[in-house]
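The structure under discussion appears below in the form of structure tokens.
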2 protein chains.
Amino acid sequence: MDKKDRAKRLREQVTLLERKLGMLEDEIVDCCGLTMAQCHAVVELGTGEPASLNDLARSLNLENSTVSRTVNNLVNGEIAVRAESAEDRRYVNISLTEKGKDIFENIETNMESFFDNIIRRIPDEKHDQVIESLKVLLDAISEEKCCR
Amino acid sequence: MDKKDRAKRLREQVTLLERKLGMLEDEIVDCCGLTMAQCHAVVELGTGEPASLNDLARSLNLENSTVSRTVNNLVNGEIAVRAESAEDRRYVNISLTEKGKDIFENIETNMESFFDNIIRRIPDEKHDQVIESLKVLLDAISEEKCCR
DNA sequence: TACATTAGTTGTAATATGCATCTGTAGAGG
DNA sequence: CCTCTACAGATGCATATTACAACTAATGTA
């Protein structure tokens, strides 16, 4: 098998994985009652320190206007709160409410058990190989642009 | 390292890969002038036989109303055409125009060279391992739901 | 022939998103 | 101290994506 064939098979697998991950996102949206953007924001807020709007926009890779509205929705749903920063009143500190933290914990628990189950479905002797391969693939992809 | 740790590391890698693939999609949208839905539709139409609307909806995992409008856009852009089926006039055969085929070929060329480059960045002796690992992962994920 | 089924389209509405613009705050130079 | 600039965030506006429901047209069936 030459490199062309390998590239082709790699592409097939990545495409399939992409599709599957997309379907999982749809599932998440259906079952956890948040849109995907909101879900990402909650995970971001739950994992890190209270974030500014621009921080959040950067980590979500979205416009701050978009994120501002996403945060509006979270605030309306009593999932997050905005607080004016004491040091610099231009900044807003966004953090999760108790309800938001519960949702975050719930998402985390779900994701953990999801990946626990996946690991359980992979033969023990392949665990390291799979994890390392993903890392190798990521390193290779990271440096590449798909459109020159 | 126990299974919990492995699951965690697997999750990290998959999350990173997901994010990277998302960024690639944004790149594609920016550079090829089609929305992602349109791009998927073009690839689907380019790869297979002329498809009916429902075929296309099924393979794109979208509502047929959504796909109908996506096809409208492709038709307006002279990328695809609708043709009434001769056997059963309820059906529409959707196919690519010459322009659409050119776009398809261009996407294919881009994707091929993208994956060729990735393979080139991965050490030769890891090629089989990476491809097989993706397959193993996919098999494991396929049977799993993320929300019980 | 009348009724049910199927393929596709269109009306409506929710959501997401970006660009441009606006407001308020902070910092820098004179 | 005042003014000008830069920055954080919010909002107006325009558009795109998508789903659900209702509709039209064609086909199959009892």
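In what follows, chains carry the letters A, B, and so on, assigned in the order in which the sequence lines appear, proteins first and then strands, with residues in each chain numbered from 1. Worth saying up front: this structure is predicted, and the values here are computed from it rather than measured.
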Say you draw a straight line from CG of B:L53 to CG of B:N64; how long is it, rounded to the nearest 0.5 Å?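 The CG atom of B:L53 sits 5.5 Å away from the CG atom of B:N64.
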Spacing of OG1 belonging to A:T97 relative to CG belonging to A:L74, to within rounding of 0.5 Å: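 With rounding to 0.5 Å, OG1 (A:T97) is 9.0 Å from CG (A:L74).
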Ion pair check, [X] and [Y], cut-off under 4.0 Å:
{"X": "B:E18", "Y": "A:K20", "value": "no"}
{"X": "B:K101", "Y": "B:E98", "value": "yes"}
{"X": "B:R121", "Y": "A:D139", "value": "no"}
{"X": "A:D88", "Y": "A:R90", "value": "yes"}

Report yes or no: do B:D55 and B:S52 form a side-chain donor-acceptor pair below 3.5 Å?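 Per modelled atom types, B:D55 and B:S52 side chains form a pair under 3.5 Å.
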Could you say whether A:E84 or B:D55 is positioned toward the 5' end of DNA chain C, judged by the nucleotide with the nearest heavy atom to each?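 Nearest-nucleotide comparison on DNA chain C picks B:D55.
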Sugar-phosphate atoms are those with a prime plus P, OP1 and OP2; base atoms are the rest. Using that split, label each nucleotide of nucleotides 12-24 of chain D B, S or - for protein heavy atoms under 4.0 Å, 5' to 3'. BB--SSBBBB---
Mind calculating the distance between CD (B:E87) and C1' (D:dA25) to the nearest angstrom?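 Rounded to whole Å, this separation is 17 Å.
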Please report the distance, rounded to the nearest Å, between CG in B:N54 and P in C:dT5.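 Result: 17 Å.
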Would you please test B:V71 and B:L56 for side-chain contact (heavy atoms from CB on, under 4.5 Å) and show each step? CA-CA 10 Å; B:V71 171; B:L56 205 50; 4.0 Å; yes
Quick one: bend of the helix from C:dT1-D:dA30 to C:dG30-D:dC1 from 5 pairs per end, to 10°?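 Nearest ten degrees gives 0° for this helix.
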Between residues 89-97 of chain A and DNA chain C, which residues have a heavy-atom gap below 4.0 Å?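 A:R89, A:R90 - these, ordered by number, are the residues of the stretch whose heavy atoms sit under 4.0 Å from the strand.
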Of B:K3, B:R11, B:R6, B:K4, which meets salt bridge (charged side-chain N to carboxylate O under 4.0 Å, His left out) against A:D116?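 Among B:K3, B:R11, B:R6, B:K4, the one meeting salt bridge (charged side-chain N to carboxylate O under 4.0 Å, His left out) with A:D116 is B:K4.
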Looking at B:R82, I'd like to know whether one of its side-chain N or O atoms comes within less than 4.0 Å of OP1 or OP2 on C:dG8.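 No, outside the criterion.
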Counting heavy atoms not belonging to A:K8, are there more than 12 under 6.0 Å from its NZ?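 No, not enclosed.
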